Number of protein chains: 2
Amino acid sequence: MSRNGKLATDLVQKLERDIVTGVLKPGDKLDERSLSERFGVSRTPVREALQTLAGSGLVATMPRRGTIVASITVADLIEMFEVMAELEAMCARLAARRMPRADIEKLIALGNECSELQEHADADAYYEANVNFHEVIYSGCRNSFLERQTKNVRNRLAPYRRLQLHRPGRVKKSNAEHSEILEAISTGDAERAGKLMHQHVAVQGEALNDLLAIVPRGYLEPLAS
Amino acid sequence: MSRNGKLATDLVQKLERDIVTGVLKPGDKLDERSLSERFGVSRTPVREALQTLAGSGLVATMPRRGTIVASITVADLIEMFEVMAELEAMCARLAARRMPRADIEKLIALGNECSELQEHADADAYYEANVNFHEVIYSGCRNSFLERQTKNVRNRLAPYRRLQLHRPGRVKKSNAEHSEILEAISTGDAERAGKLMHQHVAVQGEALNDLLAIVPRGYLEPLAS
DNA sequence: TACACATTTCTGGTATACAAAAAGACGTAG
DNA sequence: CTACGTCTTTTTGTATACCAGAAATGTGTA
C-alpha cells in the first residue's frame with residue numbers, strides 16, 4: 001500500500017482545501033487516528049500535516065487536548081481583516097505599476113466573467129471567479145513573497161469571507177468595485193488602485209456588524225486566543 | 001529522564017533564538033540525529049520542531065535531503081524587505097493613531113537609550129535597543145495579528161538585517177530617523193509616521209548594493225527557491 | 001586520466017509500540 | 001435524585017525500529 005514520497009505534504013494540501021472550501025468548519029475536531037485511517041497512513045504524517053497547518057494558522061493545537069479547525073475571536077477577525085485590506089492594497093498598488101499587459105488582459109476577462117456570473121446569482125461560482133480575479137492581482141504585484149503572505153491570510157479568513165457574499169446586494173456592489181479597481185490598475189494609477197482595493201476588502205462600519213450577525217455559532221471562540 | 005510536556009515547543013524556541021541571534025547561520029545543516037542527541041530527546045520532537053520552523057520560513061526542508069537554516073535568494077531578499085517596509089509602516093501609522101500615552105513615554109526612553117548607545121559604537125547593544133524600539137511600535141499598533149505577522153517577517157530577515165548596522169554611518173543615520181518617527185507618532189501624524197518608517201526600513205538604491213556586497217558567502221542561494 | 005556505473009553508507013520518511021494525561025462512564029454516598 | 005470520586009477509555013506525546021532514496025565512494029574501462 002503505502003506509496004512513498006512525502007505523504008504529509010499531500011495531507012496538508014487536502015486538509016487545507018477542505019478547510020478553505022468549507023468542508024471542514026471552524027471548531028471541527030481533527031482526530032489523528034480517524035484521519036490516519038481515513039487516508040490510509042499512519043499517525044506520523046498526519047501529525048506532521050497538522051503541525052504544518054498549525055504553523056500557517058489554519059488549525060489550532062491545544063497541548064494534550066487535540067487540534068481543531070481554527071476558530072478565532074471577534075477581535076482576531078477584525079484585526080485580520082485590517083491586515084488583509086492593507087496587504088491587498090499593497091498588491092494592487094504594485095500591480096498598477098508592474099503588471100504586464102498580458103495579465104491585464106486576463107484580469108479584464110475575469111472581470112467580465114464575474115459580471116456574467118453576477119447575473120445568475122450563483123454565489124459559489126461567483127466566489128470562485130472572484131478568487132481568481134484577486135489572485136491575478138496578487139500575481140501581478142511581482143513579489144512572490146507578498147503573494148504567498150497574502151494568500152496565507154486570505155486562506156485563514158476564507159471560512160468567514162465566504163459568508164459575506166450571502167449578504168444581499170453584496171455581489172453586485174463587489175462587482176462594481178472590481179471595475180473601478182481594474183480601471184485604476186490598467187491606467188497605472190497605483191495610489192487609486194490601492195485605495196480602492198483597501199475599501200473593497202476592509203470590513204468596517206455597518207458591514208462589519210452584518211458579517212458578525214451571520215457568523216454561525218462555533219465559528220467564533222467565546223474568548224481567549 | 002524524559003520530562004513531560006511538549007518538548008517540541010521548547011526546541012522550536014531554542015532553535016529560533018539561535019537562528020535569529022546568528023548562532024546558526026543561513027545554510028547551516030540541521031541534522032536530526034545530531035540535534036536529538038544534543039538535546040537528549042528522540043528524533044520525533046526534533047522533527048516536529050523543524051516542521052514548525054519550516055512553516056514559519058526560518059528553515060528550509062528539501063525532501064530526502066534534510067533541512068538547513070533558510071538561505072534565500074537576492075530576489076527573495078528584496079521582496080521581503082519590500083513587504084517588511086510596508087508592514088512596519090502600517091504599524092507606525094496605526095501606532096500614531098492608537099498608541100497610549102504610557103507607551104509613548106516608553107518609546108521616548110528607548111529612543112534616548114538608542115542615542116546613548118550610538119555614542120559608544122557598540123553595534124550589538126545598539127541592535128538590541130533598536131529591536132526594542134521597533135517592538136514597542138509593533139505593540140502600539142494595537143493589532144496583535146499584525147504584530148505577530150511583522151515579527152515573523154523580521155525574524156526571517158534578522159540574519160541579513162544584522163549586517164546592515166556594520167555599514168559605517170548607518171547607526172547614526174538610523175538614530176536620526178528614529179527621532180523623526182518618534183515625533184510623528186507622538187503628535188499623532190499617522191501618514192507622516194508611516195512614510196518615515198517606510199523609508200527607515202526599506203533598503204533601496206545604493207544602500208541595497210552596499211548590503212548585498214557584505215552578505216557573506218552561503219547566506220544567499222545561487223538560484224531557485 | 002577521465003568518465004560511467006555499481007555498491008555502500010548515510011539520512012530522512014514512515015510505521016508501530018509505549019507512556020501519560022485528559023475526558024467520559026459508572027457507582028456510591030449524601 | 002444529585003453530586004462527587006474513582007476507574008476505564010480514549011487520545012495525545014514520545015521513543016524506537018524499519019524502510020527507502022539520495023549522495024558518496026570505489027572500481028573498471030575507454
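Note that the structure is a prediction, hence the values are computed from the model and not measured. Letters go in sequence order (proteins before strands), and every chain restarts at 1.
- The distance from atom CD of B:Glu48 to atom C1' of C:dG12 is 16 Å, rounded to the nearest whole Å.
- Among residues two or more places apart in sequence or in another chain, the side-chain contact (heavy atoms from CB on, under 4.5 Å) test is passed with B:Pro100 by B:Asp103, B:Arg142.
- Put simply, CG on A:Asp10 is 13 Å from P on C:dG13, counting in whole angstrom units.
- Taking atom CD of B:Gln51 as the reference point, atom C1' of C:dT14 lies 13 Å away to the nearest angstrom.
- With sequence neighbours excluded, the residues that form a salt bridge (charged side-chain N to carboxylate O under 4.0 Å, His left out) with B:Arg162 are B:Asp124.
- When rounded to the nearest whole Å, the span between NZ of B:Lys6 and C1' of C:dA21 equals 14 Å.
- For A:Met62 and D:dT11, the CE to P distance is 16 Å, given to the nearest whole Å.
- Taking five base pairs at each end of the helix from C:dT1-D:dA30 to C:dG30-D:dC1, the local helix axes there meet at an angle of 10°, rounded to 10°.
- A heavy atom closer than 4.0 Å to some atom of DNA chain D occurs in no member of residues 24-36 of chain B.
- Take A:Arg47 and apply the salt bridge (charged side-chain N to carboxylate O under 4.0 Å, His left out) test, not counting sequence neighbours, and it matches A:Glu32, B:Glu48.
- Spacing between atom CG of A:Leu7 and atom C1' of D:dG21 amounts to 14 Å, rounded to whole angstrom units.
- Taking A:Asp210 as the reference, A:Arg167 meet the side-chain contact (heavy atoms from CB on, under 4.5 Å) condition, with sequence neighbours excluded.
- If you take CZ of A:Arg43 and C1' of C:dC18, they are 11 Å apart, rounded to a whole angstrom.
- Looking at the side chain of B:Arg47, the nearest of the listed nucleotides C:dG12, C:dA15, D:dG13 is C:dG12.
- Under a 3.5 Å cut-off, the side chain of A:Ser139 and the backbone N or O of A:Glu135 do not form any donor-acceptor pair.
- Each of A:Gly66 and B:Val41 has a nearest nucleotide on DNA chain D; the 5'-most of these lies closest to A:Gly66.
- Atoms CG (A:Leu11) and C1' (C:dG13) sit 13 Å apart, rounded to a whole Å.
- Scanning for side chain to side chain donor-acceptor pair (under 3.5 Å) contacts around A:Thr67 gives an empty result, with sequence neighbours left out.
- A search for side-chain contact (heavy atoms from CB on, under 4.5 Å) contacts involving B:Val171 returns B:Gln118, B:Tyr126, B:Leu165, not counting sequence neighbours.
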Could you go through nucleotides 22-25 of chain C and list every protein N or O atom that sits under 3.5 Å from one of its N or O atoms, giving the distance for each pair?
unit_1 : atom_1 : unit_2  : atom_2 : d
C:dA23 : OP1    : A:Arg65 : NE     : 2.8
C:dA23 : OP1    : A:Arg65 : NH2    : 3.1

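- Listed by chain and number, the residues in a ring-ring contact (aromatic ring centres under 6.0 Å, His included) with A:Tyr138 amount to none (sequence neighbours excluded).
- Contact annotation: B:Ser42 reaches the phosphate of D:dA15 (side-chain N/O to OP1 or OP2, under 4.0 Å).
- The environment of A:Arg98 atom CZ is dense: over 12 non-hydrogen atoms of other residues, nucleotides or ligands sit within 6.0 angstrom.
- Take B:Phe145 and apply the ring-ring contact (aromatic ring centres under 6.0 Å, His included) test, not counting sequence neighbours, and it matches no residue.
- Note on residues 19-28 of chain B: no pairs pass side-chain hydrogen bond (donor to acceptor under 3.5 Å, both in side chains), not counting sequence neighbours.
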